[in-house]
Amino acid sequence: MSEMNLVQAIQSGLRNAMREDQDVVLIGEDIGKLGGVFRVTQGLQEEFGADRVLDTPLSETGILGVAIGMALHGLRPVSEIQFADFIYPGFDQLVNEAAKYRYRTASELHVPMVVRTPYGGGIRGGQYHSQSPESLFIHTAGLKVVCPSNPHDAKGLLIQSILDDDPVVFFEPKRVYRALKMEVPDEAYTVPLSEAKIVRPGEHVTCVAWGAMLFEALSAADEVRKQGVDVEVIDLRTLWPLDIDTVVNSVKKTGRFVVVHEAPRTCGFGGELVTLVVERAFLHLEAPPVRVTGFDTPFPLTHEREYLPLAHRIAPALLQTARY
Amino acid sequence: MQVIRDDGSLDPNLDPGLSIDQVVALYKAMVRTRVIDDRLNRLQRQGRIAFHVGSLGEEAAIVGSAAALRDRDWIAPCYREVGALLWRGYPLQRYVDHMYGNAGDPVRGRQMPDHTFSREHRYLSVSAPIGTQIPHAVGVAMAAKKRGLDECIGVFFGDGATSSNDFHAAMNFAGVYRAPVLFLCRNNGYAISLPTSEQTAVRTLAEKSAAYRIPATRVDGNDVLAVWKAVRDGVDRAAEGGGPSFIELMTYRMGGHSTSDDPRVYRTEEEVDAWRRADPLLRLRKHIEQRAAWSAELEADWQAVCDAEVRACVRQAESMPASELREVFRDVYAEQPWHLREQEAECLGGPRARDHEEGSS
Ligand SMILES: Cc1ncc(C[n+]2csc(CCOP(=O)(O)OP(=O)(O)O)c2C)c(N)n1
């Protein structure tokens, strides 16, 4: 066990996976000598060599397309896309190729790869260093989408994602990178995909969140507790395929549902979650489900703290839902 | 290509024949760019602005290119070229306001610092995703050609951008449609930590243009007169209907990639020192001093003028309110649809975050 922040825990997971399996390779921009712009891969090129930690030319198409080829021929590539905002040049490779290879070859060929990428706002990054594009990948059949909120889950989920036989897009909340530390095992372990976690049990309202917004949901839950509202907070951890039972069972218990995400509201994952809840727990609902989200604009700079669905916006939504 | 020799004299065969006043004006613009850069780096370290991406060591490549373009020509910037925008007369106050994302910021607090634009100065908008501006430049050039306008466009990008899809698409289109565009590639040795030698297996970036049948020139990018000449030759070719040019500006990023970077992790002090001796400002200063057009005294005066100017702009910027909150919801579409009207009302009428920056609304 060591005290680790999110950066250290992900790094530890990569190191364990690379020590255990020669076929795990890292591929991305500035991940070698520099150790990545967030230092997640620091020291890994030194330990594993330049043929397992590739500092690539500036091309997301190259990074993702080549990773697919490597995965088709026996390697387990873990790509780093420097910021989720810069994934789009490689979007075609992920959406049309990685996601569909298994389907179009009847599982004879498949693409066991992980795409790690920091996402989200709150670091004064403006339009192009703050985006949360998870719903684009959830919408794409064939991709799994993971988004841990804390160091312990992140390491276990990452190792499990590397072991998984399907392509996984692994979103890292960059706002959390150095924000908290916790005890994390030094050795390898896994956290299963598609298992949500009830991080705070409660009776009155179900609140679902992931990544950096989980902490905002928890702090809003603390706030409304003072006013007698007892919130059950669920950390999804894997966004897709979803742990539907944990979410629906919770709503059946509380009868009220609030979902929080940084991404813009329209066609955000919140809309899908609300639909699933309505379809499966309609008769249990005591109030209309509520989405607390980023607004339907590009991500701003100066007023990012108003744009983000921080605790000051979540708490009123929880109260409103509880008192409906 | 080099025009200013190491001893400060000019190569008579390549001298583009600028007047001494013009040359001094270039020098002063380069010094001003550097003084501003230096101030912004300090402001970032003090936490007064969020970020800065500078042009230390690349001033000749940037200012020299801007000076060789005509006023009616367009510029498609990467993100280090504010020196080109200032050369065109962009008010320094507006730039500093942008760096603060305050009520005077033409970008309305929506983008990171150093991501500005100016339609008035024919300077397109800076976008962080690498390479995206290169095809835009080809489109602007094709539009100018179709509309019968005697205009061209210079598009700036780094060595790293030559690995992007957009670069290759743009070069191919420019070659096919003979677009009046100048590809201004600042080969500053690095893309963040990756040296150009690991970015590509070709020996010179100019080689890439051969594949698209675009004529290429490779110039000493720390020699402002060589830059000026190469770019003006490209403008002339475009004006005569000769289509695109590729200009590889050989220079060096003397600072970090941005204020977020620590270059000591991936390069040696000796390497940087060698390039310090090739500083574009030193070279030009030697030349104008030889021609008795500059002196230590003039240097000190000009630096003081530039420094006072930027400090005054900073004082003013810091006294301004933040950009208005409602600006978050504007300019998404030409007309604001119902859902954004609702969301604007929800946000403006809702609770404020704890450390809300007061806007002027
Ligand atoms: C598509 C994309 N991928 C990654 C990045 C992150 N990034 C920002 S600048 C940069 C290096 C750019 O190098 P170069 O094109 O040589 O320009 P320079 O910074 O040296 O002027 C990278 C990788 C980005 N902005 N866009």
Side-chain angles (χ1 to χ4, degrees), chain A residues 29-39 42 50 54-63 82-83 85-90 92 122-130 216 264-266 293-317, chain B residues 50-51 100-102 105 107-113 115 127-132 158-166 191-194 198-200 257 260-263 265-267 322-325 327-332 337 339-340 343-344 346-347 350-357 359:
Chain A
E29 292 159 12
D30 304 292
I31 64 170
K33 227 186 232 178
L34 182 63
V37 295
F38 291 103
R39 303 296 189 273
Q42 197 158 40
L54 279 67
D55 259 330
T56 69
L58 205 169
S59 170
E60 288 71 18
T61 309
I63 293 167
Q82 206 163 80
F83 286 83
D85 316 58
F86 302 139
I87 207 163
Y88 304 107
D92 194 28
I123 59 144
R124 298 216 279 170
Q127 236 169 68
Y128 296 111
H129 298 81
S130 308
E216 298 296 328
R265 190 169 302 167
T266 300
T293 67
F295 295 109
D296 288 334
T297 73
F299 198 99
L301 177 80
T302 302
H303 295 294
E304 68 173 339
R305 295 183 63 79
E306 303 301 332
Y307 176 90
L308 286 168
L310 302 183
H312 71 282
R313 287 175 55 205
I314 303 170
Chain B
F51 173 84
Y100 277 84
N102 68 21
D105 173 15
V107 185
R108 317 285 166 101
R110 293 172 185 152
Q111 285 236 67
M112 272 173 89
H115 290 63
S127 185
I130 291 294
T132 48
D159 38 281
T162 68
S163 296
S164 70
N165 301 348
D166 293 30
I192 307 187
S193 70
L194 195 72
E198 294 176 42
Q199 185 69 243
T200 173
H257 169 72
S260 312
D261 185 34
D262 179 5
V265 179
Y266 53 81
R267 69 183 185 189
S323 66
E324 293 183 44
L325 181 53
E327 290 295 348
V328 170
F329 300 92
R330 303 298 168 91
D331 301 316
V332 182
H339 72 290
L340 286 174
Q343 292 181 18
E344 180 177 326
E346 174 190 331
C347 180
R352 290 281 77 85
R354 267 184 294 279
D355 49 359
H356 172 70
E357 296 214 39

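In this text the structure is predicted, and so the values were computed from the model without any measurement.
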Participant: Do B:I130 and A:E60 come within less than 4.5 Å of each other through their side chains, counting heavy atoms only?
Facilitator: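 Side chain of B:I130 against side chain of A:E60, heavy atoms only: no contact under 4.5 Å found.
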Participant: Go through B:G160, B:S164, B:P129, B:G350 and name the one with the most non-hydrogen pairs under 4.5 angstrom from chain A.
Facilitator: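 Going by pairs under 4.5 Å, I would pick B:P129.
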Participant: Is any side-chain heavy atom of A:P316 closer than 4.5 Å to a side-chain heavy atom of B:P351?
Facilitator: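 Answer yes - side chains close enough.
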Participant: To the nearest 0.5 angstrom, please state how far the OG1 atom of A:T297 sits from the CG atom of B:D331.
Facilitator: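 Here the rounded value is 11.0 Å.
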Participant: Is there a side-chain contact between B:H257 and A:D30 (heavy atoms, below 4.5 Å)?
Facilitator: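 In short, these two side chains do not touch, never coming nearer than 4.5 Å.
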Participant: Using a 4.5 angstrom heavy-atom cutoff, name the option from B:E198, B:H339, B:E344 with the most pairs to chain A.
Facilitator: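 That would be B:H339.
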Participant: State, with a plain yes or no, whether a side-chain heavy atom of A:S59 is found less than 4.5 Å away from one of B:N165.
Facilitator: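 Result yes, sub-4.5 Å side-chain heavy-atom pair found.
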Participant: Mind ranking A:R313, A:E29, A:H129 by heavy-atom pairs under 4.5 Å with chain B and telling me who comes out on top?
Facilitator: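 Most pairs with chain B among the choices: A:H129.
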Participant: Is it true that a side-chain atom of B:Q199 and a backbone atom of A:L58 form a donor plus acceptor pair closer than 3.5 Å?
Facilitator: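 The answer is yes, because a donor-acceptor pair under 3.5 Å joins these two groups.
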Participant: If we define contacts as heavy-atom pairs under 4.5 Å, which of B:S260, B:G109, B:A191 has the most with chain A?
Facilitator: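 Most heavy-atom pairs within the cutoff with chain A belong to B:G109.
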Participant: Test your reading of the model: is there a side-chain donor-acceptor pair from B:Q111 to the backbone of A:L301, 3.5 Å cut-off?
Facilitator: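 Not a single qualifying donor-acceptor pair exists.
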Participant: Any donor and acceptor pair, going by atom type alone, linking the side chain of A:H303 with main-chain N or O of B:S323 inside 3.5 Å?
Facilitator: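 The answer is yes, because a donor-acceptor pair under 3.5 Å joins these two groups.
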Participant: With a 4.5 angstrom heavy-atom cut-off, could you sort out which part of B:F51 is near chain A: side chain, backbone, both or neither?
Facilitator: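 Contact with chain A: none, neither part.
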Participant: Determine yes or no for a side-chain-to-main-chain donor-acceptor pair under 3.5 angstrom, with A:T302 supplying the side chain and B:G101 the backbone.
Facilitator: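 Yes; at least one donor-acceptor contact below 3.5 Å.
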Participant: Using a strict 4.0 Å threshold on nitrogen-to-oxygen distance, state whether A:R265 and B:E346 make a salt bridge.
Facilitator: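 Judged by the 4.0 Å cut-off on N to carboxylate O distance, A:R265 and B:E346 do form a salt bridge.
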Participant: Under 4.5 Å heavy-atom distance to chain B, tell me which part of A:Q42 shows up: side chain, backbone, both or neither.
Facilitator: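 No part of A:Q42 comes within 4.5 Å of chain B.
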Participant: Quick one, A:Q127 and B:R110 - any side-chain contact, counting heavy atoms below 4.5 Å?
Facilitator: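 Side-chain contact under 4.5 Å: yes.
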Participant: Contact part of A:T56 toward chain B, heavy-atom cut-off under 4.5 Å: side chain, backbone, both or neither?
Facilitator: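 Contact with chain B: backbone only.
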Participant: Could you have a look at B:S163, B:P113, B:P263 and say which one has the most heavy-atom pairs with chain A under 4.5 angstrom?
Facilitator: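 Top count of heavy-atom pairs under 4.5 Å with chain A: B:S163.
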Participant: Where do A:R305 and B:A353 come nearest, in terms of heavy atoms and distance?
Facilitator: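 Residues A:R305 and B:A353, closest heavy atoms: O-CB, 3.6 Å.
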Participant: Which answer fits A:F295, side chain, backbone, both or neither, if we ask what part of it has an atom under 4.5 Å from a heavy atom of chain B?
Facilitator: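 A:F295 touches chain B through backbone and side-chain heavy atoms alike.
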Participant: How long is the gap from OH on A:Y128 to OG1 on B:T132, to the nearest 0.5 Å?
Facilitator: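 Spacing of OH (A:Y128) from OG1 (B:T132) equals 7.0 Å.
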Participant: Is it true that a side-chain atom of B:Q343 and a backbone atom of A:D296 form a donor plus acceptor pair closer than 3.5 Å?
Facilitator: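 Present.
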Participant: Are B:L325 and A:E306 close enough that some pair of their side-chain heavy atoms sits under 4.5 Å apart?
Facilitator: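 The answer is yes, as the side chains (C-beta and beyond) meet within the 4.5 Å cut-off.
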Participant: With a 4.5 angstrom heavy-atom cut-off, could you sort out which part of B:I192 is near chain A: side chain, backbone, both or neither?
Facilitator: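 The answer is both parts of B:I192.
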Participant: Does any heavy atom of chain B fall under 4.5 Å from the side chain of A:F299, the backbone, both, or neither of them?
Facilitator: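 The backbone, not the side chain.
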Participant: Please classify the contact between B:V332 and chain A as side chain, backbone, both or neither, with a heavy-atom cut-off of under 4.5 Å.
Facilitator: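 It is the side chain, since no backbone atom gets that close.
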